[in-house]
Number of protein chains: 2
Amino acid sequence: MRKPIAVRSLYGHVMHELGQRIVGGKVKPGEVLPREETLAESLQVSRTALREALKVLSAKGLIESRTGVGARVLEKRCWNQLDADVLAWRCASMPTDDFVDKLVEMREVIEPAAAASAARRRTAEQLAAIDTAYRAMDEAQTLDDWTVADLQFHDAVLQATGNELLQSLFSVVETALGTFFTLSARTAANFKYSLPHHQKVLEAIRRKQPEVARKAMQAMIADSQANLQQSRGRRRKKAGS
Amino acid sequence: MRKPIAVRSLYGHVMHELGQRIVGGKVKPGEVLPREETLAESLQVSRTALREALKVLSAKGLIESRTGVGARVLEKRCWNQLDADVLAWRCASMPTDDFVDKLVEMREVIEPAAAASAARRRTAEQLAAIDTAYRAMDEAQTLDDWTVADLQFHDAVLQATGNELLQSLFSVVETALGTFFTLSARTAANFKYSLPHHQKVLEAIRRKQPEVARKAMQAMIADSQANLQQSRGRRRKKAGS
DNA sequence: CCTGATTGTTTGTCATACAAATCACTATAA
DNA sequence: TTATAGTGATTTGTATGACAAACAATCAGG
(Lines give C-alpha, C1' and ligand atoms only; values in the text may rest on other atoms or scores of the structure.)
Protein backbone atom coordinates (compact mmCIF):
# COMPACT_ATOMS: atom_id res chain seq x y z
CA MET A 1 0.00 0.00 0.00
CA ARG A 2 2.92 2.31 0.72
CA LYS A 3 4.36 4.09 -2.25
CA PRO A 4 7.98 5.16 -1.99
CA ILE A 5 8.15 4.64 -5.72
CA ALA A 6 8.51 8.28 -6.56
CA VAL A 7 11.57 8.67 -4.40
CA ARG A 8 13.49 6.20 -6.51
CA SER A 9 13.40 7.95 -9.84
CA LEU A 10 15.10 11.23 -10.53
CA TYR A 11 11.98 13.07 -11.57
CA GLY A 12 10.41 11.82 -8.34
CA HIS A 13 13.06 13.57 -6.34
CA VAL A 14 12.56 16.76 -8.27
CA MET A 15 8.79 16.57 -7.86
CA HIS A 16 9.16 16.05 -4.13
CA GLU A 17 11.56 18.94 -3.80
CA LEU A 18 9.41 21.39 -5.74
CA GLY A 19 6.20 20.09 -4.18
CA GLN A 20 7.52 20.71 -0.70
CA ARG A 21 8.73 24.15 -1.64
CA ILE A 22 5.30 25.11 -2.92
CA VAL A 23 3.15 23.47 -0.25
CA GLY A 24 5.60 24.59 2.41
CA GLY A 25 5.12 28.18 1.28
CA LYS A 26 8.62 28.94 0.07
CA VAL A 27 7.11 30.01 -3.21
CA LYS A 28 3.70 31.59 -2.88
CA PRO A 29 0.63 31.40 -5.12
CA GLY A 30 0.88 33.86 -7.97
CA GLU A 31 4.66 33.70 -8.19
CA VAL A 32 6.29 32.15 -11.21
CA LEU A 33 9.06 29.60 -10.97
CA PRO A 34 12.42 30.26 -12.64
CA ARG A 35 12.54 29.21 -16.24
CA GLU A 36 12.97 25.52 -16.89
CA GLU A 37 16.54 25.77 -18.07
CA THR A 38 17.84 27.52 -14.96
CA LEU A 39 15.65 25.42 -12.65
CA ALA A 40 16.98 22.25 -14.22
CA GLU A 41 20.50 23.52 -13.79
CA SER A 42 20.03 24.47 -10.15
CA LEU A 43 18.51 21.05 -9.42
CA GLN A 44 21.26 19.27 -11.31
CA VAL A 45 18.94 17.46 -13.70
CA SER A 46 18.11 17.66 -17.36
CA ARG A 47 15.21 19.70 -18.64
CA THR A 48 13.45 16.44 -19.56
CA ALA A 49 13.39 15.15 -15.99
CA LEU A 50 12.37 18.54 -14.67
CA ARG A 51 9.51 18.80 -17.13
CA GLU A 52 8.10 15.42 -16.15
CA ALA A 53 8.12 16.57 -12.54
CA LEU A 54 6.39 19.82 -13.50
CA LYS A 55 3.73 17.93 -15.42
CA VAL A 56 2.87 15.85 -12.39
CA LEU A 57 2.77 18.93 -10.15
CA SER A 58 0.48 20.47 -12.72
CA ALA A 59 -1.76 17.40 -12.54
CA LYS A 60 -1.93 17.87 -8.78
CA GLY A 61 -3.13 21.42 -9.37
CA LEU A 62 -0.12 23.09 -7.78
CA ILE A 63 1.14 24.93 -10.84
CA GLU A 64 0.10 25.90 -14.34
CA SER A 65 2.60 26.23 -17.16
CA ARG A 66 1.95 28.63 -20.01
CA THR A 67 4.02 29.21 -23.09
CA GLY A 68 6.05 32.37 -22.96
CA VAL A 69 5.14 33.04 -19.35
CA GLY A 70 6.44 30.25 -17.18
CA ALA A 71 5.10 27.98 -14.46
CA ARG A 72 2.87 29.94 -12.10
CA VAL A 73 1.98 28.64 -8.65
CA LEU A 74 -1.80 28.37 -8.44
CA GLU A 75 -4.06 29.47 -5.58
CA LYS A 76 -4.47 27.00 -2.75
CA ARG A 77 -8.06 26.44 -3.75
CA CYS A 78 -6.86 24.88 -6.99
CA TRP A 79 -4.63 22.38 -5.24
CA ASN A 80 -5.57 18.74 -5.19
CA GLN A 81 -5.74 18.75 -1.41
CA LEU A 82 -6.79 15.11 -1.17
CA ASP A 83 -3.76 13.92 -3.11
CA ALA A 84 -1.57 11.68 -0.98
CA ASP A 85 1.59 13.59 -1.87
CA VAL A 86 0.07 16.99 -1.16
CA LEU A 87 -1.15 15.75 2.21
CA ALA A 88 2.28 14.33 2.97
CA TRP A 89 3.95 17.60 2.03
CA ARG A 90 1.65 19.51 4.34
CA CYS A 91 2.68 17.21 7.17
CA ALA A 92 6.37 17.32 6.26
CA SER A 93 6.98 20.12 8.67
CA MET A 94 5.10 19.95 11.97
CA PRO A 95 1.43 20.34 10.96
CA THR A 96 -0.37 23.33 12.42
CA ASP A 97 -3.16 22.84 14.94
CA ASP A 98 -5.47 24.35 12.36
CA PHE A 99 -4.64 21.66 9.82
CA VAL A 100 -4.98 18.88 12.36
CA ASP A 101 -8.47 20.16 13.19
CA LYS A 102 -9.39 19.91 9.53
CA LEU A 103 -8.09 16.36 9.38
CA VAL A 104 -10.25 15.52 12.39
CA GLU A 105 -13.27 17.03 10.70
CA MET A 106 -12.61 14.90 7.63
CA ARG A 107 -12.48 11.79 9.76
CA GLU A 108 -15.78 12.81 11.38
CA VAL A 109 -17.35 13.13 7.96
CA ILE A 110 -15.89 10.06 6.32
CA GLU A 111 -15.48 7.31 8.85
CA PRO A 112 -18.82 7.18 10.67
CA ALA A 113 -20.58 7.22 7.31
CA ALA A 114 -18.25 4.51 6.04
CA ALA A 115 -18.86 2.37 9.12
CA ALA A 116 -22.60 2.65 8.62
CA SER A 117 -22.30 1.81 4.96
CA ALA A 118 -20.05 -1.13 5.73
CA ALA A 119 -22.57 -2.44 8.25
CA ARG A 120 -25.21 -2.34 5.55
CA ARG A 121 -23.38 -3.94 2.67
CA ARG A 122 -20.35 -5.84 3.90
CA THR A 123 -19.66 -9.29 2.53
CA ALA A 124 -18.38 -12.17 4.62
CA GLU A 125 -14.87 -11.71 3.21
CA GLN A 126 -14.86 -8.01 3.99
CA LEU A 127 -15.96 -8.71 7.55
CA ALA A 128 -13.18 -11.28 7.85
CA ALA A 129 -10.65 -8.66 6.76
CA ILE A 130 -11.84 -6.27 9.47
CA ASP A 131 -11.77 -9.07 12.01
CA THR A 132 -8.23 -10.02 11.03
CA ALA A 133 -7.08 -6.44 11.47
CA TYR A 134 -8.79 -6.26 14.84
CA ARG A 135 -7.04 -9.39 16.07
CA ALA A 136 -3.71 -8.02 14.89
CA MET A 137 -4.39 -4.93 16.98
CA ASP A 138 -5.29 -7.07 19.95
CA GLU A 139 -2.12 -9.12 19.66
CA ALA A 140 0.20 -6.21 18.86
CA GLN A 141 3.29 -6.20 21.05
CA THR A 142 4.95 -3.02 19.85
CA LEU A 143 3.73 0.43 18.88
CA ASP A 144 4.76 -0.28 15.30
CA ASP A 145 2.68 -3.46 15.14
CA TRP A 146 -0.27 -1.53 16.49
CA THR A 147 0.12 1.30 13.99
CA VAL A 148 0.16 -1.07 11.03
CA ALA A 149 -2.83 -3.02 12.28
CA ASP A 150 -4.77 0.14 13.08
CA LEU A 151 -4.33 1.45 9.55
CA GLN A 152 -5.33 -1.96 8.23
CA PHE A 153 -8.50 -1.86 10.32
CA HIS A 154 -9.62 1.53 9.05
CA ASP A 155 -8.75 0.56 5.51
CA ALA A 156 -10.77 -2.64 5.80
CA VAL A 157 -13.82 -0.68 6.97
CA LEU A 158 -13.55 1.62 3.95
CA GLN A 159 -13.14 -1.38 1.66
CA ALA A 160 -16.26 -2.95 3.15
CA THR A 161 -18.39 -0.08 1.90
CA GLY A 162 -17.88 -1.41 -1.61
CA ASN A 163 -17.70 2.17 -2.82
CA GLU A 164 -14.38 2.87 -4.51
CA LEU A 165 -14.92 6.62 -4.19
CA LEU A 166 -15.05 6.30 -0.42
CA GLN A 167 -12.09 3.95 -0.54
CA SER A 168 -10.01 6.61 -2.26
CA LEU A 169 -10.41 8.77 0.82
CA PHE A 170 -8.16 6.37 2.68
CA SER A 171 -5.23 8.66 1.94
CA VAL A 172 -6.90 11.26 4.14
CA VAL A 173 -7.57 8.81 6.95
CA GLU A 174 -4.05 7.47 6.66
CA THR A 175 -2.57 10.95 6.92
CA ALA A 176 -4.81 11.79 9.85
CA LEU A 177 -3.94 8.66 11.81
CA GLY A 178 -0.25 9.05 11.04
CA THR A 179 -0.28 12.63 12.26
CA PHE A 180 -2.14 11.75 15.42
CA PHE A 181 0.33 9.01 16.20
CA THR A 182 3.28 11.37 16.03
CA LEU A 183 1.52 14.17 17.90
CA SER A 184 -0.01 12.26 20.78
CA ALA A 185 3.18 10.33 21.52
CA ARG A 186 1.74 7.29 23.21
CA THR A 187 3.64 5.28 25.75
CA ALA A 188 4.10 1.54 25.55
CA ALA A 189 1.61 1.17 28.37
CA ASN A 190 -1.48 2.86 26.92
CA PHE A 191 -1.21 2.60 23.16
CA LYS A 192 -3.98 0.00 23.09
CA TYR A 193 -6.47 2.23 24.85
CA SER A 194 -8.77 2.52 21.84
CA LEU A 195 -9.14 -1.22 21.33
CA PRO A 196 -12.65 -1.35 22.91
CA HIS A 197 -13.84 1.32 20.46
CA HIS A 198 -12.62 -0.76 17.58
CA GLN A 199 -14.33 -3.82 18.95
CA LYS A 200 -17.65 -2.00 19.09
CA VAL A 201 -17.29 -0.95 15.46
CA LEU A 202 -16.36 -4.47 14.45
CA GLU A 203 -19.32 -6.01 16.27
CA ALA A 204 -21.80 -3.54 14.83
CA ILE A 205 -20.57 -4.26 11.32
CA ARG A 206 -20.70 -7.98 12.02
CA ARG A 207 -24.32 -7.67 13.19
CA LYS A 208 -25.20 -5.34 10.31
CA GLN A 209 -26.32 -2.48 12.54
CA PRO A 210 -25.51 0.70 10.59
CA GLU A 211 -26.49 3.26 13.20
CA VAL A 212 -24.68 1.42 15.97
CA ALA A 213 -21.57 1.26 13.80
CA ARG A 214 -21.83 4.97 13.02
CA LYS A 215 -22.14 5.92 16.69
CA ALA A 216 -19.28 3.63 17.68
CA MET A 217 -17.01 5.17 15.08
CA GLN A 218 -18.03 8.67 16.13
CA ALA A 219 -17.16 7.81 19.71
CA MET A 220 -13.79 6.46 18.63
CA ILE A 221 -12.93 9.66 16.79
CA ALA A 222 -14.19 11.87 19.60
CA ASP A 223 -12.00 9.97 21.99
CA SER A 224 -9.04 10.27 19.68
CA GLN A 225 -9.62 13.99 19.43
CA ALA A 226 -9.82 14.37 23.20
CA ASN A 227 -6.52 12.57 23.47
CA LEU A 228 -5.08 14.95 20.93
CA GLN A 229 -6.32 18.05 22.74
CA GLN A 230 -4.72 16.76 25.89
CA SER A 231 -1.26 16.38 24.42
CA ARG A 232 -1.76 19.67 22.61
CA GLY A 233 -2.24 21.28 26.01
CA ARG A 234 0.87 19.59 27.32
CA ARG A 235 2.84 20.81 24.34
CA ARG A 236 1.73 24.41 24.86
CA LYS A 237 2.57 24.28 28.53
CA LYS A 238 6.00 22.96 27.70
CA ALA A 239 6.60 25.61 25.09
CA GLY A 240 5.36 28.35 27.39
CA SER A 241 7.49 27.44 30.38
CA MET B 1 -13.51 26.80 -12.73
CA ARG B 2 -13.70 24.57 -15.79
CA LYS B 3 -10.44 23.22 -17.02
CA PRO B 4 -10.24 22.44 -20.70
CA ILE B 5 -6.56 23.27 -20.45
CA ALA B 6 -5.37 19.76 -20.97
CA VAL B 7 -7.23 19.43 -24.23
CA ARG B 8 -5.15 22.16 -25.82
CA SER B 9 -1.72 20.64 -25.54
CA LEU B 10 -0.65 17.58 -27.39
CA TYR B 11 0.26 15.59 -24.34
CA GLY B 12 -3.16 16.46 -22.96
CA HIS B 13 -4.81 14.78 -25.91
CA VAL B 14 -2.66 11.72 -25.47
CA MET B 15 -3.40 11.58 -21.74
CA HIS B 16 -7.12 11.86 -22.43
CA GLU B 17 -7.02 9.17 -25.08
CA LEU B 18 -5.08 6.69 -22.95
CA GLY B 19 -7.02 7.58 -19.81
CA GLN B 20 -10.32 6.85 -21.50
CA ARG B 21 -9.00 3.57 -22.88
CA ILE B 22 -7.95 2.44 -19.42
CA VAL B 23 -10.92 3.70 -17.42
CA GLY B 24 -13.26 2.59 -20.19
CA GLY B 25 -11.92 -0.93 -19.89
CA LYS B 26 -10.32 -1.30 -23.32
CA VAL B 27 -7.11 -2.25 -21.56
CA LYS B 28 -7.63 -4.12 -18.34
CA PRO B 29 -5.68 -4.04 -15.08
CA GLY B 30 -2.64 -6.26 -15.23
CA GLU B 31 -2.10 -5.76 -18.95
CA VAL B 32 0.94 -3.86 -20.15
CA LEU B 33 0.74 -1.12 -22.74
CA PRO B 34 2.76 -1.36 -25.95
CA ARG B 35 6.27 -0.05 -25.64
CA GLU B 36 6.64 3.70 -25.72
CA GLU B 37 8.17 3.84 -29.18
CA THR B 38 5.34 1.96 -30.91
CA LEU B 39 2.68 3.66 -28.79
CA ALA B 40 4.07 7.05 -29.72
CA GLU B 41 4.05 6.06 -33.35
CA SER B 42 0.48 4.78 -33.28
CA LEU B 43 -0.65 8.00 -31.60
CA GLN B 44 1.33 10.13 -34.03
CA VAL B 45 3.33 11.94 -31.36
CA SER B 46 6.91 11.96 -30.19
CA ARG B 47 8.11 9.81 -27.34
CA THR B 48 8.57 13.01 -25.32
CA ALA B 49 4.91 13.97 -25.44
CA LEU B 50 3.82 10.40 -24.82
CA ARG B 51 6.05 10.09 -21.77
CA GLU B 52 4.66 13.26 -20.21
CA ALA B 53 1.17 11.84 -20.63
CA LEU B 54 2.24 8.55 -19.08
CA LYS B 55 3.75 10.35 -16.11
CA VAL B 56 0.49 12.12 -15.40
CA LEU B 57 -1.50 8.90 -15.75
CA SER B 58 0.98 7.36 -13.36
CA ALA B 59 0.35 10.20 -10.90
CA LYS B 60 -3.37 9.45 -11.14
CA GLY B 61 -2.61 5.87 -10.16
CA LEU B 62 -3.79 4.34 -13.43
CA ILE B 63 -0.47 2.84 -14.53
CA GLU B 64 2.97 2.03 -13.22
CA SER B 65 6.03 2.12 -15.46
CA ARG B 66 8.96 -0.12 -14.72
CA THR B 67 12.27 -0.31 -16.49
CA GLY B 68 12.59 -3.28 -18.77
CA VAL B 69 8.96 -4.28 -18.30
CA GLY B 70 6.73 -1.53 -19.59
CA ALA B 71 3.72 0.40 -18.35
CA ARG B 72 1.34 -1.90 -16.51
CA VAL B 73 -2.28 -0.93 -15.86
CA LEU B 74 -2.87 -1.00 -12.11
CA GLU B 75 -5.80 -2.48 -10.22
CA LYS B 76 -8.85 -0.27 -9.90
CA ARG B 77 -8.21 0.04 -6.18
CA CYS B 78 -5.03 1.95 -6.97
CA TRP B 79 -6.79 4.49 -9.15
CA ASN B 80 -7.20 8.03 -7.93
CA GLN B 81 -10.97 7.71 -8.12
CA LEU B 82 -11.59 11.23 -6.82
CA ASP B 83 -9.49 12.81 -9.55
CA ALA B 84 -11.60 15.07 -11.75
CA ASP B 85 -10.28 13.49 -14.94
CA VAL B 86 -10.85 9.94 -13.76
CA LEU B 87 -14.40 10.82 -12.79
CA ALA B 88 -14.96 12.45 -16.16
CA TRP B 89 -13.62 9.43 -17.99
CA ARG B 90 -15.95 7.15 -16.05
CA CYS B 91 -18.86 9.32 -17.16
CA ALA B 92 -17.62 9.59 -20.74
CA SER B 93 -19.74 6.66 -21.76
CA MET B 94 -23.20 6.42 -20.21
CA PRO B 95 -22.50 5.81 -16.53
CA THR B 96 -23.85 2.58 -15.08
CA ASP B 97 -26.65 2.63 -12.51
CA ASP B 98 -24.17 1.15 -10.11
CA PHE B 99 -21.79 4.07 -10.48
CA VAL B 100 -24.58 6.61 -10.14
CA ASP B 101 -25.60 4.99 -6.87
CA LYS B 102 -22.07 5.42 -5.61
CA LEU B 103 -22.11 9.08 -6.59
CA VAL B 104 -25.36 9.50 -4.66
CA GLU B 105 -23.80 7.86 -1.62
CA MET B 106 -20.89 10.28 -1.82
CA ARG B 107 -23.26 13.21 -1.91
CA GLU B 108 -25.07 11.80 1.13
CA VAL B 109 -21.78 11.60 2.98
CA ILE B 110 -20.28 14.91 1.92
CA GLU B 111 -23.00 17.50 1.48
CA PRO B 112 -25.10 17.19 4.65
CA ALA B 113 -21.91 17.26 6.71
CA ALA B 114 -20.68 20.25 4.72
CA ALA B 115 -23.96 22.09 5.20
CA ALA B 116 -23.78 21.53 8.94
CA SER B 117 -20.18 22.67 9.05
CA ALA B 118 -20.99 25.73 6.98
CA ALA B 119 -23.83 26.64 9.33
CA ARG B 120 -21.36 26.50 12.19
CA ARG B 121 -18.49 28.47 10.77
CA ARG B 122 -19.61 30.54 7.79
CA THR B 123 -18.45 34.12 7.50
CA ALA B 124 -20.65 36.93 6.26
CA GLU B 125 -18.91 36.87 2.88
CA GLN B 126 -19.38 33.14 2.51
CA LEU B 127 -23.06 33.48 3.33
CA ALA B 128 -23.34 36.23 0.73
CA ALA B 129 -21.82 33.92 -1.88
CA ILE B 130 -24.40 31.25 -1.13
CA ASP B 131 -27.16 33.85 -1.23
CA THR B 132 -25.96 35.15 -4.57
CA ALA B 133 -26.01 31.66 -6.03
CA TYR B 134 -29.49 31.07 -4.65
CA ARG B 135 -30.80 34.24 -6.27
CA ALA B 136 -29.23 33.26 -9.55
CA MET B 137 -31.11 29.97 -9.34
CA ASP B 138 -34.32 31.79 -8.55
CA GLU B 139 -33.93 34.10 -11.51
CA ALA B 140 -32.70 31.48 -13.95
CA GLN B 141 -34.58 31.56 -17.22
CA THR B 142 -32.98 28.65 -19.01
CA LEU B 143 -31.85 25.20 -17.98
CA ASP B 144 -28.26 26.26 -18.62
CA ASP B 145 -28.54 29.24 -16.28
CA TRP B 146 -29.99 26.98 -13.64
CA THR B 147 -27.24 24.40 -13.99
CA VAL B 148 -24.49 26.97 -13.58
CA ALA B 149 -26.16 28.57 -10.58
CA ASP B 150 -26.86 25.20 -8.99
CA LEU B 151 -23.21 24.20 -9.20
CA GLN B 152 -22.27 27.59 -7.80
CA PHE B 153 -24.62 27.07 -4.86
CA HIS B 154 -23.18 23.71 -3.90
CA ASP B 155 -19.66 25.02 -4.35
CA ALA B 156 -20.39 28.00 -2.13
CA VAL B 157 -21.64 25.71 0.63
CA LEU B 158 -18.44 23.68 0.47
CA GLN B 159 -16.37 26.86 0.51
CA ALA B 160 -18.27 28.06 3.58
CA THR B 161 -16.97 25.12 5.59
CA GLY B 162 -13.55 26.76 5.49
CA ASN B 163 -12.02 23.31 5.18
CA GLU B 164 -10.00 23.01 2.01
CA LEU B 165 -10.05 19.23 2.22
CA LEU B 166 -13.83 19.25 2.02
CA GLN B 167 -13.65 21.84 -0.74
CA SER B 168 -11.55 19.49 -2.84
CA LEU B 169 -14.45 17.08 -2.90
CA PHE B 170 -16.30 19.51 -5.13
CA SER B 171 -15.12 17.54 -8.14
CA VAL B 172 -17.23 14.64 -6.89
CA VAL B 173 -20.28 16.80 -6.29
CA GLU B 174 -19.80 18.44 -9.67
CA THR B 175 -19.64 15.10 -11.43
CA ALA B 176 -22.68 13.85 -9.55
CA LEU B 177 -24.79 16.89 -10.35
CA GLY B 178 -23.69 16.88 -13.97
CA THR B 179 -24.59 13.22 -14.34
CA PHE B 180 -27.97 13.70 -12.73
CA PHE B 181 -28.76 16.56 -15.04
CA THR B 182 -28.15 14.49 -18.14
CA LEU B 183 -29.91 11.42 -16.79
CA SER B 184 -33.06 12.97 -15.38
CA ALA B 185 -33.68 15.12 -18.45
CA ARG B 186 -35.76 17.86 -16.95
CA THR B 187 -38.25 19.84 -18.89
CA ALA B 188 -38.33 23.62 -19.05
CA ALA B 189 -41.39 23.56 -16.80
CA ASN B 190 -40.07 21.72 -13.76
CA PHE B 191 -36.36 22.31 -13.65
CA LYS B 192 -36.74 24.63 -10.68
CA TYR B 193 -38.52 22.09 -8.57
CA SER B 194 -35.70 21.82 -6.02
CA LEU B 195 -35.55 25.54 -5.30
CA PRO B 196 -37.42 25.26 -1.96
CA HIS B 197 -34.89 22.70 -0.77
CA HIS B 198 -32.09 25.08 -1.56
CA GLN B 199 -33.84 27.87 0.26
CA LYS B 200 -34.11 25.79 3.41
CA VAL B 201 -30.41 25.04 3.31
CA LEU B 202 -29.60 28.69 2.76
CA GLU B 203 -31.80 29.85 5.63
CA ALA B 204 -30.39 27.29 8.04
CA ILE B 205 -26.85 28.37 7.20
CA ARG B 206 -27.87 32.02 7.56
CA ARG B 207 -29.31 31.31 11.01
CA LYS B 208 -26.35 29.14 11.97
CA GLN B 209 -28.40 26.04 12.64
CA PRO B 210 -26.13 23.10 11.79
CA GLU B 211 -28.59 20.28 12.32
CA VAL B 212 -31.34 22.03 10.40
CA ALA B 213 -28.95 22.60 7.54
CA ARG B 214 -27.87 18.97 7.59
CA LYS B 215 -31.45 17.72 7.48
CA ALA B 216 -32.38 20.14 4.72
CA MET B 217 -29.47 19.01 2.59
CA GLN B 218 -30.32 15.38 3.24
CA ALA B 219 -33.86 16.02 2.10
CA MET B 220 -32.61 17.72 -1.05
CA ILE B 221 -30.44 14.76 -1.96
CA ALA B 222 -33.16 12.25 -1.15
CA ASP B 223 -35.51 14.15 -3.40
CA SER B 224 -32.93 14.26 -6.15
CA GLN B 225 -32.42 10.55 -5.83
CA ALA B 226 -36.14 9.85 -6.02
CA ASN B 227 -36.28 11.91 -9.18
CA LEU B 228 -33.43 9.86 -10.54
CA GLN B 229 -35.08 6.52 -9.74
CA GLN B 230 -38.17 7.70 -11.52
CA SER B 231 -36.44 8.48 -14.78
CA ARG B 232 -34.41 5.31 -14.38
CA GLY B 233 -37.70 3.42 -14.37
CA ARG B 234 -38.88 5.27 -17.46
CA ARG B 235 -35.63 4.45 -19.21
CA ARG B 236 -35.94 0.74 -18.44
CA LYS B 237 -39.53 0.68 -19.61
CA LYS B 238 -38.52 2.37 -22.84
CA ALA B 239 -35.63 -0.05 -23.39
CA GLY B 240 -37.80 -3.05 -22.55
CA SER B 241 -40.66 -2.20 -24.87
C1' DC C 1 16.93 -29.90 -11.24
C1' DC C 2 18.87 -25.79 -9.68
C1' DT C 3 22.03 -21.78 -9.98
C1' DG C 4 24.44 -18.06 -12.05
C1' DA C 5 26.13 -15.43 -16.01
C1' DT C 6 24.79 -13.39 -20.36
C1' DT C 7 22.05 -11.11 -23.58
C1' DG C 8 18.17 -8.63 -25.35
C1' DT C 9 14.34 -5.57 -24.35
C1' DT C 10 12.27 -1.54 -22.31
C1' DT C 11 12.16 2.44 -19.64
C1' DG C 12 15.09 6.39 -17.58
C1' DT C 13 17.88 10.31 -18.52
C1' DC C 14 20.38 13.52 -21.22
C1' DA C 15 21.51 16.96 -24.91
C1' DT C 16 20.14 19.70 -28.72
C1' DA C 17 17.27 21.89 -31.96
C1' DC C 18 13.37 24.16 -33.55
C1' DA C 19 8.21 25.50 -33.39
C1' DA C 20 4.60 28.06 -31.13
C1' DA C 21 2.70 31.14 -27.90
C1' DT C 22 3.08 35.19 -25.16
C1' DC C 23 4.81 39.61 -23.53
C1' DA C 24 7.07 44.11 -23.78
C1' DC C 25 8.24 47.63 -26.54
C1' DT C 26 7.96 50.79 -30.42
C1' DA C 27 6.28 53.18 -34.17
C1' DT C 28 2.33 54.81 -36.38
C1' DA C 29 -2.07 56.98 -36.99
C1' DA C 30 -6.39 59.05 -35.33
C1' DT D 1 -2.75 61.86 -25.92
C1' DT D 2 -4.54 57.48 -26.89
C1' DA D 3 -5.30 53.44 -29.39
C1' DT D 4 -3.46 50.04 -32.43
C1' DA D 5 -0.66 47.22 -35.10
C1' DG D 6 3.63 45.27 -35.63
C1' DT D 7 8.17 43.51 -34.17
C1' DG D 8 11.51 41.20 -31.44
C1' DA D 9 12.75 38.78 -27.22
C1' DT D 10 11.50 35.26 -23.93
C1' DT D 11 9.66 30.91 -22.48
C1' DT D 12 7.36 26.70 -22.89
C1' DG D 13 5.98 22.83 -26.28
C1' DT D 14 7.53 19.16 -29.25
C1' DA D 15 10.69 16.33 -31.81
C1' DT D 16 14.86 13.54 -32.39
C1' DG D 17 18.79 10.80 -31.33
C1' DA D 18 21.72 8.73 -28.14
C1' DC D 19 23.17 6.20 -24.20
C1' DA D 20 22.62 4.35 -19.26
C1' DA D 21 20.15 1.40 -16.11
C1' DA D 22 17.04 -2.09 -14.78
C1' DC D 23 14.69 -6.09 -15.68
C1' DA D 24 13.31 -10.75 -17.96
C1' DA D 25 14.47 -14.61 -20.43
C1' DT D 26 17.65 -17.61 -21.99
C1' DC D 27 21.41 -20.59 -21.70
C1' DA D 28 25.67 -22.77 -19.60
C1' DG D 29 27.55 -25.23 -15.79
C1' DG D 30 27.13 -27.60 -11.42
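Just so we're clear, the structure is a prediction, and the values are computed from it rather than from any experiment.
In this structure a side-chain-to-backbone donor-acceptor pair under 3.5 Å is missing from A:Glu36 to A:Arg47. In this structure, B:Asp83 contributes its side chain and B:Val86 its backbone to a donor-acceptor pair below 3.5 Å. Looking at B:Thr132, its side chain does come within 3.5 Å of a backbone N or O of B:Ala128 through a donor-acceptor pair. Formation of a donor-acceptor pair under 3.5 Å by the A:Arg121 side chain with backbone atoms of A:Thr161 is found in this model. The main-chain N or O of B:Ala176 is never found under 3.5 Å from a side-chain atom of B:Arg107 such that the two would form a donor-acceptor pair.
Distance B:Leu50 CG to D:dT16 C1': 15 Å, rounded to the nearest Å. For the pair A:His13 NE2 and C:dG12 P, the interatomic distance rounds to 15 Å; values are reported in whole Å. Between the NZ atom of B:Lys55 and the C1' atom of D:dT14 there is a distance of 17 Å, given to the nearest Å. Distance A:Ile63 CD1 to D:dT11 P: 16 Å, rounded to the nearest Å. Atom OH of B:Tyr11 and atom P of D:dT12 are 14 Å apart (whole Å). We find that CG of A:Leu54 is positioned 10 Å from C1' of D:dT12, with the value rounded to whole Å. Protein atom CD of A:Glu37 is 11 Å distant from nucleotide atom C1' of C:dA15, rounded to whole Å. Taking atom CG of A:Leu39 as the reference point, atom C1' of D:dT12 lies 13 Å away to the nearest angstrom.
Nearest to the side-chain atoms of A:Ser46 among the listed nucleotides C:dA15, D:dA15, C:dT10 stands C:dA15. Considering only side-chain atoms of A:Glu36, the nucleotide from C:dT13, C:dT11, D:dT12 that sits closest is D:dT12. Side-chain proximity of B:Thr48 to D:dA15, C:dT13, D:dT12: nearest is D:dA15.
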Filtered N/O pairs between nucleotides 4-6 of chain D and protein, under 3.5 Å:
none

Are any protein N/O atoms closer than 3.5 Å to N/O atoms in nucleotides 3-7 of chain C? If there are, list each pair with its distance.
none

Return the polar atom pairs (N/O with N/O) between nucleotides 21-23 of chain C and the protein under 3.5 Å, or none.
{"residue": "C:dT22", "atom": "O4'", "partner": "A:Thr67", "partner atom": "O", "Å": "3.4"}

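The closest side-chain donor-acceptor pair between A:Asp150 and A:His198 falls under 3.5 angstrom. The closest side-chain donor-acceptor pair between A:Gln81 and A:Arg90 falls under 3.5 angstrom. B:Glu105 and A:Ser117 form a side-chain donor-acceptor contact under 3.5 Å, judged by distance and modelled atom types alone.
Sequence order on DNA chain C of the closest nucleotides to A:Gln44 and B:Gly70 puts B:Gly70 first from the 5' end.
One finds no salt bridge joining B:Lys76 and A:Glu164 here, because no Lys/Arg side-chain nitrogen approaches an Asp/Glu carboxylate oxygen to under 4.0 Å. A salt bridge links B:Glu17 to B:Arg21: at least one charged side-chain nitrogen sits closer than 4.0 Å to a carboxylate oxygen.
The minimum heavy-atom distance between B:Leu82 and A:Leu169, with the atom names listed, is CD1-CD2, 3.5 Å.
With hydrogens and angles ignored, a donor-acceptor pair closer than 3.5 Å exists between the side chain of B:Arg47 and the base of C:dG12.
Side-chain contact between A:Thr48 and B:Thr48 is absent, with no heavy-atom pair separated by less than 4.5 Å.
OP1 or OP2 of D:dG13 has at least one side-chain nitrogen or oxygen of A:Arg51 nearer than 4.0 Å.
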